[in-house]
There are 2 protein chains.
Amino acid sequence: MTEIEKTLENNGIRPTAMRILIYKFMAKKEVAIALTDIENAFVKAERTTLYRTLKTFEDKGIVHHIDDGTGISKYALCEQGCNCELDQDLHLHFHCSNCDKTVCLTDHKIPHINLPSGYIAEDANLVITGICEKCSGQ
Amino acid sequence: MTEIEKTLENNGIRPTAMRILIYKFMAKKEVAIALTDIENAFVKAERTTLYRTLKTFEDKGIVHHIDDGTGISKYALCEQGCNCELDQDLHLHFHCSNCDKTVCLTDHKIPHINLPSGYIAEDANLVITGICEKCSGQ
DNA sequence: CCAATAAATGCACGTCCATTGCACTCTTAT
DNA sequence: ATAAGAGTGCAATGGACGTGCATTTATTGG
């Protein structure tokens, strides 16, 4: 049994061929990916399967869902020890307006915000848009 | 000529009947509104007109566009002296998961974030999700 | 005032993505 | 081996955004 299969099983996910492929694909990408990205990468893959696979991964806590403001949902594998489902790992995301890629800046947490009284925060999403290091050439 | 007409003209917008109505509608709402909200409020209104009216308002700098993570674009009138189009008024937004309303917290600016080297920030969007003061009953 | 021009509006599409229902297949447990 | 359950594939729906074009309305110059 491979590492990936173990990871899936440890999180209560049956390691089917499709799921392992999708996991591998996400693991080798350093950027957040959209459903369509996977769909294009695997011509054989059915959109619905991908959709539900990502949903399963998300429910089981091994990927997190990213809204980068493009209107297209992106997904990324959680880091080791990521507690995003507990709202304790609210790192921010960077969306490059040039190459359209979105990356997790896992080292950069969202600063604490003092809300007006009566407001109860449950989740936070911070997206910085700009030019990524690859596109800026620095 | 009313105040609203003056405001529109001062910003290079021809004050048509439709535009005045839309402006009034937004002014009396204290929350960010979606295109569909206006569409439902004015049965007579054509969606395209609303869409382009909001776009015009946005281009001329009297409303700002809000992405609250619901996937539905919201709009809100800019405050007096708002410089959102210059990225100098990056206040944050609060989205209530109970009543689904989104409000501008204009007094709460997005804190400065230190990005990794090579990354150039151009814009920022911070949305806090939770329970608003009306729904929390506090 | 009227014609010519420009702006605004209305209508009809088309697209893209998220999401669901249903049937079929494969795996697992009895 | 068979039944139950999970996973997958196919088809279809619906919501929201966006565009092209014709029509109407407003503005401007003669």
Side-chain angles (χ1 to χ4, degrees), chain A residues 1 4-5 7-25 32-60 62-76 95 100 102 125, chain B residues 1-2 4-25 32-60 62-75 95 100 102:
Chain A
M1 187 182 291
I4 292 178
E5 289 178 74
T7 305
L8 294 179
E9 291 222 327
N10 288 342
N11 288 279
I13 303 167
R14 287 224 309 238
T16 66
M18 198 72 240
R19 287 169 175 177
I20 293 170
L21 278 176
I22 294 173
Y23 191 96
K24 270 187 194 160
F25 180 76
I33 57 176
L35 207 144
T36 308
D37 295 334
I38 315 183
E39 199 179 1
N40 293 336
F42 302 90
V43 190
K44 305 290 297 297
E46 182 53 29
R47 187 179 179 78
T48 314
T49 305
L50 299 177
Y51 174 72
R52 288 197 258 238
T53 298
L54 289 174
K55 203 165 167 52
T56 303
F57 283 6
E58 194 186 353
D59 290 345
K60 299 298 185 178
I62 64 170
V63 308
H64 62 272
H65 181 270
I66 302 165
D67 169 26
D68 63 4
T70 59
I72 298 168
S73 292
K74 304 275 171 69
Y75 301 86
H95 176 239
D100 197 40
T102 299
N125 184 35
Chain B
M1 188 181 295
T2 67
I4 292 178
E5 289 178 75
K6 274 187 215 159
T7 305
L8 294 180
E9 291 222 326
N10 287 344
N11 288 279
I13 302 168
R14 286 220 315 234
T16 67
M18 199 72 242
R19 287 170 175 177
I20 294 169
L21 278 176
I22 295 173
Y23 190 96
K24 271 186 194 161
F25 180 76
I33 58 176
L35 206 145
T36 308
D37 295 333
I38 315 183
E39 200 179 358
N40 293 336
F42 302 89
V43 190
K44 305 289 299 295
E46 182 55 27
R47 209 179 54 81
T48 314
T49 305
L50 300 177
Y51 174 71
R52 287 196 258 239
T53 298
L54 289 174
K55 201 164 168 51
T56 302
F57 282 6
E58 194 185 354
D59 290 345
K60 299 297 185 179
I62 64 171
V63 308
H64 61 271
H65 181 271
I66 302 165
D67 169 26
D68 64 3
T70 59
I72 298 167
S73 291
K74 304 276 172 66
Y75 302 86
H95 177 239
D100 197 42
T102 298

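Everything numeric in this text was worked out from a predicted model, so none of it was measured. Proteins come first, then strands; the chains are lettered A, B, ... in the order of their sequence lines, and each starts at number 1.
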Can a side chain N or O of [X] be found less than 4.0 Å away from OP1 or OP2 on [N]?
X	N	result
B:R19	C:dT9	yes
B:R47	D:dA16	no
B:T36	D:dG15	no
B:Y51	D:dG18	yes
B:T16	C:dA8	no
B:T48	C:dG10	no

Using a heavy-atom cut-off of 4.0 Å across all strands, would you classify B:R52 as base, sugar-phosphate, or nothing?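 The answer is base, as B:R52 lies within the cut-off (heavy atoms under 4.0 Å) of a base atom.
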What contact category does B:S73 fall into here, base, sugar-phosphate, or nothing, at under 4.0 angstrom with non-hydrogen atoms?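 Counting heavy atoms under 4.0 Å across all strands, the contact made by B:S73 is with sugar-phosphate only.
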[X] [atom1] to [N] [atom2]: how many Å, rounded?
X	N	atom1	atom2	value
A:I72	C:dT19	CD1	P	13 Å
A:E46	C:dC22	CD	C1'	14 Å
A:M18	D:dG7	CE	C1'	12 Å
A:I13	D:dG7	CD1	P	9 Å
B:E39	D:dC17	CD	C1'	12 Å
A:E9	C:dT28	CD	P	9 Å
B:L50	D:dG18	CG	P	14 Å
A:I20	D:dT8	CD1	C1'	15 Å

With a 4.5 Å heavy-atom cut-off, do [X] and [Y] have their side chains touching?
X	Y	value
A:D67	B:D67	yes
A:I38	A:T53	no
B:I62	B:L8	yes

Nearest-nucleotide 5' precedence on DNA chain C, B:A45 against B:R14: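 Taking each residue's closest nucleotide, the earlier one in sequence belongs to B:R14.
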Report the residue (B:K55 or B:G71) whose heavy-atom-nearest nucleotide on DNA chain D is the more 5′ of the two.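 Its nearest nucleotide lies further toward 5', so the answer is B:G71.
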Okay, side chain of B:N11, backbone of B:I13: is any donor-acceptor separation there less than 3.5 Å?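 No, because the side chain of B:N11 does not come within donor-acceptor range (under 3.5 Å) of the backbone of B:I13.
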For the rings on A:F57 and A:Y75, is their centre-to-centre separation under 6.0 Å?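 A:F57 vs A:Y75: aromatic centres not under 6.0 Å.
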